[in-house]
2 protein chains.
Amino acid sequence: MTRQQVPAAEIAEIPGQEALGVQGAASDDLIELLFFAYRDFVGDPDRILAEYGFGRAHHRVLHFVVRYPGLTIAELLDILRITKQSLNRVLKDLIEQGYIEQKTGTSDRRQRLLFCTNAGADLAADLTRVQTRRVARALADRAEQAGTAAMSAHDFLLAMIEPDERAAVCRLMARRARRAA
Amino acid sequence: MTRQQVPAAEIAEIPGQEALGVQGAASDDLIELLFFAYRDFVGDPDRILAEYGFGRAHHRVLHFVVRYPGLTIAELLDILRITKQSLNRVLKDLIEQGYIEQKTGTSDRRQRLLFCTNAGADLAADLTRVQTRRVARALADRAEQAGTAAMSAHDFLLAMIEPDERAAVCRLMARRARRAA
DNA sequence: TGAGATATGTCAACAACACTGACTTATATC
DNA sequence: GATATAAGTCAGTGTTGTTGACATATCTCA
């Protein structure tokens, strides 16, 4: 009831350079699906973060510090692509409230190596849980799709959208299909 | 040189519920790749928008109005998931500067139907071009990947990352693989 | 050892974009 | 004619990004 209404679902079957027009239309759909997928993807942790008085910026910092213990400030700045001042504001919150610790670098004592405390790891795990659930569910959805065929980017992004909202998104995108026909 | 360093590239081969641990790790990678992919994905249009004095919020409004002419305010609010006040701020800019027009609804005269002007369609096309280029390139990358195997979500998101940055992301993510080994 | 580069931290001001809450106007519906 | 709905607006606030300037500690190299 959902997939059939969406045009160009067979994107991944179109080889490289041929049929650029169709691939262009497929790309346009992916652009839109990426918006919807990301919208719902960040919505999950937002609800948890609000309980702690934190925002998405805190989440991003915590995420990368948990996953890559010993990260330096410079490395984190390069990953997040924000300014030192923006990073410092949220990092200060996380350190003061005991979620992240700094240790002076051993080989280079100018560096501040970042590590999570137990509290930080716990919070990060909470946040990761809801996001992992969504992604794992999206991957699992493939099984109920085209049988043994692998999941296309289109299918994955669609599956990342909140299930209750998926029909609405498909309905919206079907408006274009009708016009094109 | 890039792919081999990334762990769990065979995510899509793991059936539904079995090996949840591995799928969990795969999900974690996808979470991170989604961040990087989205970071670069929105970076492209940002540069164009800055020339017009517009931001991402303007882009989102313009995108949906171009793609779905006649959209109502209520529909747009439901899509974007922002407040009426937030929408109005950017919509006012776009209308005053001649990129979007409002027409009173015919069946319900309370509604304001949104349409793009030619200038709006031109700007939207400019913005779509850079994003379509990135997505089309990402889809095309599949051809040079696993031959006839379909593209996994992992491959797609990785291919969405700025090519020059891809190696750095892979290097970063390889740090985890080394620890796990 | 001393000059200059680098890593980090900080102050101040500002802009984009989201929020809440309260209220108005026009139109539709019953 | 009462009530609901679609849209617009005013005022205040918070998060997260920005620029620019500057301070401090440490490293590197001549």
Side-chain angles (χ1 to χ4, degrees), chain A residues 35 38-39 42-43 45-65 70-97 100-115, chain B residues 35 38-39 42-43 45-65 70-97 100-115:
Chain A
F35 164 78
Y38 199 80
R39 180 193 70 176
V42 296
D46 276 358
R47 287 181 276 276
I48 297 171
L49 290 160
E51 296 170 21
Y52 291 79
F54 290 147
R56 285 180 201 173
H58 299 89
H59 182 193
R60 290 193 283 265
V61 170
L62 193 58
H63 169 91
F64 283 103
V65 172
L71 215 54
T72 67
I73 301 289
E75 286 171 326
L76 197 45
L77 287 175
D78 186 54
I79 289 169
L80 300 175
R81 298 288 160 83
I82 57 176
T83 58
K84 197 173 32 166
Q85 294 88 328
S86 290
L87 171 57
N88 229 272
R89 196 173 21 216
V90 292
L91 187 55
K92 203 188 291 183
D93 291 341
L94 290 166
I95 291 171
E96 282 173 359
Q97 295 179 43
I100 287 182
E101 280 176 343
Q102 283 182 320
K103 295 182 187 170
T104 298
T106 48
S107 64
D108 186 336
R109 289 177 48 79
R110 288 172 304 181
Q111 293 180 331
R112 299 285 172 269
L113 309 186
L114 302 172
F115 295 90
Chain B
F35 164 78
Y38 199 80
R39 180 194 71 176
V42 296
D46 276 357
R47 287 182 276 276
I48 297 171
L49 290 160
E51 298 170 21
Y52 291 79
F54 290 147
R56 285 181 199 172
H58 299 88
H59 183 193
R60 289 193 284 267
V61 170
L62 194 58
H63 168 92
F64 283 103
V65 172
L71 215 52
T72 67
I73 300 289
E75 286 171 326
L76 198 44
L77 287 175
D78 185 55
I79 288 169
L80 300 175
R81 296 290 159 82
I82 57 176
T83 58
K84 197 172 32 165
Q85 295 88 328
S86 289
L87 172 57
N88 229 273
R89 183 160 13 93
V90 293
L91 187 55
K92 203 188 291 183
D93 291 340
L94 289 165
I95 292 171
E96 282 173 359
Q97 295 180 43
I100 287 182
E101 280 176 344
Q102 283 183 318
K103 295 181 188 172
T104 298
T106 48
S107 64
D108 186 337
R109 291 178 45 81
R110 289 173 303 181
Q111 294 180 331
R112 299 285 173 268
L113 310 185
L114 301 172
F115 295 90

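Residue numbers begin at 1 in each chain, while the letters A, B, ... track the order of the sequences.
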> Whole-Å distance between C:dC17 C1' and A:Ile82 CD1?
Replying inline: 16 Å

> If you pin A:Arg60 and B:Arg110 to their nearest nucleotides in DNA chain D, which one's is more 5'?
Replying inline: B:Arg110

> For the pair made of NZ in B:Lys92 and P in C:dA16, what is the distance, rounded to whole Å?
Replying inline: 15 Å

>> Quick one, A:Leu94 with A:Val65, criterion side chain to side chain contact (heavy atoms under 4.5 Å, CB included). Give me CA distance, side-chain angles, the key distance, then yes/no.
In response: CA-CA 11 Å; A:Leu94 290 166; A:Val65 172; over 6 Å; no

> Can you give the first and last nucleotides of DNA chain D, 5' to 3', that have an atom under 4.0 Å from a heavy atom of chain B?
Replying inline: D:dA4 to D:dC10

> Just checking A:Gln102: base, sugar-phosphate only, or nothing, at a heavy-atom cut-off of under 4.0 Å?
Replying inline: sugar-phosphate

>> Let's see if you can work this out: which of C:dT8, C:dC19, C:dA18 has an atom nearest to the side-chain heavy atoms of B:Thr83?
In response: C:dC19

>> So, under a plain 3.5 Å distance rule, would you say the side chain of B:Arg109 forms a donor-acceptor pair with the base of C:dT27?
In response: no

>> Students often mix this up, so state it plainly: with edges at 30° and 60°, are the rings of A:Phe54 and A:Tyr52 parallel, tilted or perpendicular?
In response: parallel

> At under 4.0 Å between heavy atoms, what does B:Arg89 touch on the DNA or RNA strands: base, sugar-phosphate, or nothing?
Replying inline: base

>> By nearest heavy atom, map A:Leu91 and B:Val90 onto DNA chain C; which one lands nearer the 5' end?
In response: A:Leu91

> Counting N and O atoms only, with roles assigned by atom type, does the side chain of B:Arg109 sit under 3.5 Å from a partner on the main chain of B:Thr106, one being a donor and the other an acceptor?
Replying inline: no

> In whole angstrom, what separates A:Gln111's CD from C:dA5's C1'?
Replying inline: 14 Å

>> Between A:Arg81 and B:Asn88, which residue's closest nucleotide on DNA chain D lies nearer the 5′ terminus?
In response: B:Asn88

> Closest approach of B:Leu80 and B:Val61, non-hydrogen atoms and distance?
Replying inline: CD1-CG2, 3.9 Å

>> Classify A:His58 by what it touches in the nucleic acid, base, sugar-phosphate, or nothing, heavy-atom distance under 4.0 Å.
In response: sugar-phosphate

Pick out the pairs of N or O atoms, protein on one side and nucleotides 21-24 of chain C on the other, that lie under 3.5 Å.
from   : atom 1 : to      : atom 2 : distance (Å)
C:dG21 : O6     : B:Gln85 : NE2    : 2.5

